[in-house]
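Before any comments, here is the structure.
The analysis underlying the following values was restricted to heavy atoms, covering all of them including side chains, and did not include hydrogens, waters or symmetry mates. Protein chains get the first letters and strands the later ones, always in sequence-line order, with residue 1 at the start of each. Everything quoted here is computed from the prediction, not taken from an experiment.
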Number of protein chains: 2
Amino acid sequence: MRVVKEANVRKSEILDAAELLFETKGFDGTSTTDILNEAGIARGTLYYHFKSKEDILDAIIERMTGSLVAKATEIAGKKDEPVLRRMTQMMLALHVDNGLGYEIMEQVHKPQNALMHQKMQERLLAGVNPIITALIGEGIAQGICQTDYPTEVAEMTFLYSSTIFDNLAIHSVEERERKITAFIYNLERLLGMERDSLQGAILPIFG
Amino acid sequence: MRVVKEANVRKSEILDAAELLFETKGFDGTSTTDILNEAGIARGTLYYHFKSKEDILDAIIERMTGSLVAKATEIAGKKDEPVLRRMTQMMLALHVDNGLGYEIMEQVHKPQNALMHQKMQERLLAGVNPIITALIGEGIAQGICQTDYPTEVAEMTFLYSSTIFDNLAIHSVEERERKITAFIYNLERLLGMERDSLQGAILPIFG
DNA sequence: CTTTATTATACCGACAGTCTGTCAGTATTA
DNA sequence: TAATACTGACAGACTGTCGGTATAATAAAG
């Protein structure tokens with residue numbers, strides 16, 4: 001039996017199915033046949049809409065990161081809120097509950113899904129970095145912080161936190177706390193801020 | 001015709017063949033059959049010595065990073081040389097000419113080889129981090145630098161530099177120079193050093 | 001100290017099972 | 001009647017397994 005749908009509808013149905021499977025079985029562990037069955041379509045249909053399995057992955061990542069970047073943009077845009085507050089909210093949005101769910105994050109960090117992880121990280125960095133950089137710029141303008149290289153500070157902290165904190169579940173509680181404190185300590189230094197000036201604002205984020 | 005060799009000899013022959021192929025065709029682009037042919041052995045032999053293709057990758061990474069870690073250890077151990085000098089030599093050893101050759105590094109950063117990249121990074125970080133941390137510790141003891149979290153500084157800078165600088169060929173010359181200057185700037189801050197105190201020592205490294 | 005059994009080690013290649021991507025053709029909608 | 005969406009059989013490739021075979025190492029017998 002054949003059901004015809006608009007291309008965009010089918011496409012996102014396929015993405016839904018694939019995302020669900022990637023969450024539970026990982027990227028490499030999910031076969032195109034799995035996706036076919038989950039989406040209830042034939043082989044040809046999949047390849048009518050996507051040119052390869054990796055193409056599906058890219059689309060999913062685009063979808064996932066897109067909403068994160070949108071959220072980050074929105075937070076950064078609230079010019080009435082103080083900069084520091086927006087910075088912490090940004091971190092919150094990007095790391096603690098980043099809307100991707102726990103399972104998928106766990107999957108993303110399995111070695112089998114290195115490709116997925118790398119692609120997400122690259123895409124997220126590209127999208128979010130200008131926003132963070134601008135925010136730091138505001139901070140500098142207001143005399144809250146100071147650095148000659150805001151972009152690189154953003155890069156460095158984003159990369160570090162997305163490598164370390166995403167894996168944080170692995171570490172023990174003490175380890176975890178140390179990492180967080182150290183992160184704040186280092187961020188203060190990179191942003192040329194007084195010691196402990198961020199401490200109070202950020203610490204509550206990481207429950 | 002059948003040639004019998006000692007297991008270790010065969011094993012490293014297989015690794016040689018695989019490494020060569022991974023360099024030119026990438027990990028995913030190299031089939032086990034390719035390795036078979038290159039090494040001049042039968043299918044069963046490969047799987048007699050290694051339990052999977054990924055197992056081969058792990059062994060290669062172990063071999064490659066092993067020598068890098070050894071070199072880093074050696075440099076760090078030269079207690080008569082000043083700390084700052086050893087730090088720069090370390091960076092040199094780990095990044096500019098890291099003994100892995102240009103082609104393989106280029107391969108490592110292709111998206112197809114994300115797994116390889118991630119594994120190398122993890123393995124290298126684990127091996128090198130304690131050494132760098134100790135070096136920073138020496139620096140602190142001698143009053144050259146100061147931080148409450150040497151391990152995390154080491155982590156952060158190593159991760160950042162291995163993500164950014166390895167991809168540096170991509171960037172333009174100006175971009176490249178900016179990244180390097182920024183890196184030094186940030187490192188100085190993380191290590192609680194005076195501005196430009198590292199500048200003179202490190203800059204010449206990145207030709 | 002040879003020669004002959006015996007065991008352990010290294011090796012082989014056919015094969016099963018799975019997977020991705022293609023294509024010629026068919027149904028549905030515009 | 002043309003464009004769009006869909007189908008499922010199929011080719012080609014790839015990974016890992018397995019029963020069996022040759023070589024080297026060791027032990028037993030002459």
In whole angstrom, what separates [X]'s [atom1] from [N]'s [atom2]?
X	N	atom1	atom2	answer
Lys5(B)	dC12(C)	NZ	P	10 Å
Lys53(A)	dG21(C)	NZ	P	8 Å
Ile41(B)	dG13(C)	CD1	P	11 Å
Asp28(B)	dC19(C)	CG	P	16 Å

Between Met64(B) and Arg123(B), is any pair of side-chain heavy atoms under 4.5 Å apart?
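The answer is no, as the side chains (C-beta and beyond) never meet within the 4.5 Å cut-off.
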
Is the closest side-chain heavy-atom distance between Leu190(A) and Glu152(A) below 4.5 Å?
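No, too far: nothing below the 4.5 Å cut-off.
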
Rounded to the nearest 0.5 Å, how far apart are NZ of Lys25(B) and OG1 of Thr30(B)?
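Output value for this atom pair is 5.5 Å.
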
Compare side-chain N and O positions of Thr32(A) against OP1 and OP2 of dC19(C) and report whether any pair is under 4.0 Å apart.
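So the side chain of Thr32(A) is outside the cut-off, no N or O lying under 4.0 Å from OP1 or OP2 of dC19(C).
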
Is there a side-chain polar atom (N or O) of Thr45(B) under 4.0 Å from OP1 or OP2 of dC12(C)?
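Yes.
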
Leading and trailing nucleotides of DNA chain D with any atom under 4.0 Å from heavy atoms of chain A
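First and last nucleotides in contact are dT4(D) to dA9(D).
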
Can you confirm whether the side chains of Thr32(B) and Arg43(B) place a donor and an acceptor under 3.5 Å from each other?
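Yes - a donor-acceptor pair under 3.5 Å links their side chains.
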
Is there a donor in the side chain of Thr45(A) and an acceptor in the side chain of Arg10(A), or the other way round, less than 3.5 Å apart?
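Distance-only check fails for Thr45(A) and Arg10(A).
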
If you count every heavy atom of other residues, nucleotides or ligands that lies below 6.0 Å from Arg85(B) atom CZ, does the total exceed 12?
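It does not: Arg85(B) CZ has 12 such atoms or fewer within range.
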
For nucleotides 22-30 of chain C, just jot down a letter per nucleotide in 5' to 3' order: B, S or -, based on protein non-hydrogen atoms under 4.0 Å.
BB-BBBS--

Determine, for Phe27(A) and Lys53(A), whether the Lys NZ or Arg CZ falls below 6.0 Å from the six-membered ring centre while staying within 45 degrees of the axis.
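Positive - Lys53(A) is close enough to the ring of Phe27(A) and near enough to its axis.
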
Report the residues that fulfil ring-ring contact (aromatic ring centres under 6.0 Å, His included) with Tyr185(A), sequence neighbours left out, ordered by chain and then residue number.
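Tyr185(A) satisfies ring-ring contact (aromatic ring centres under 6.0 Å, His included) with Tyr149(B) only.
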
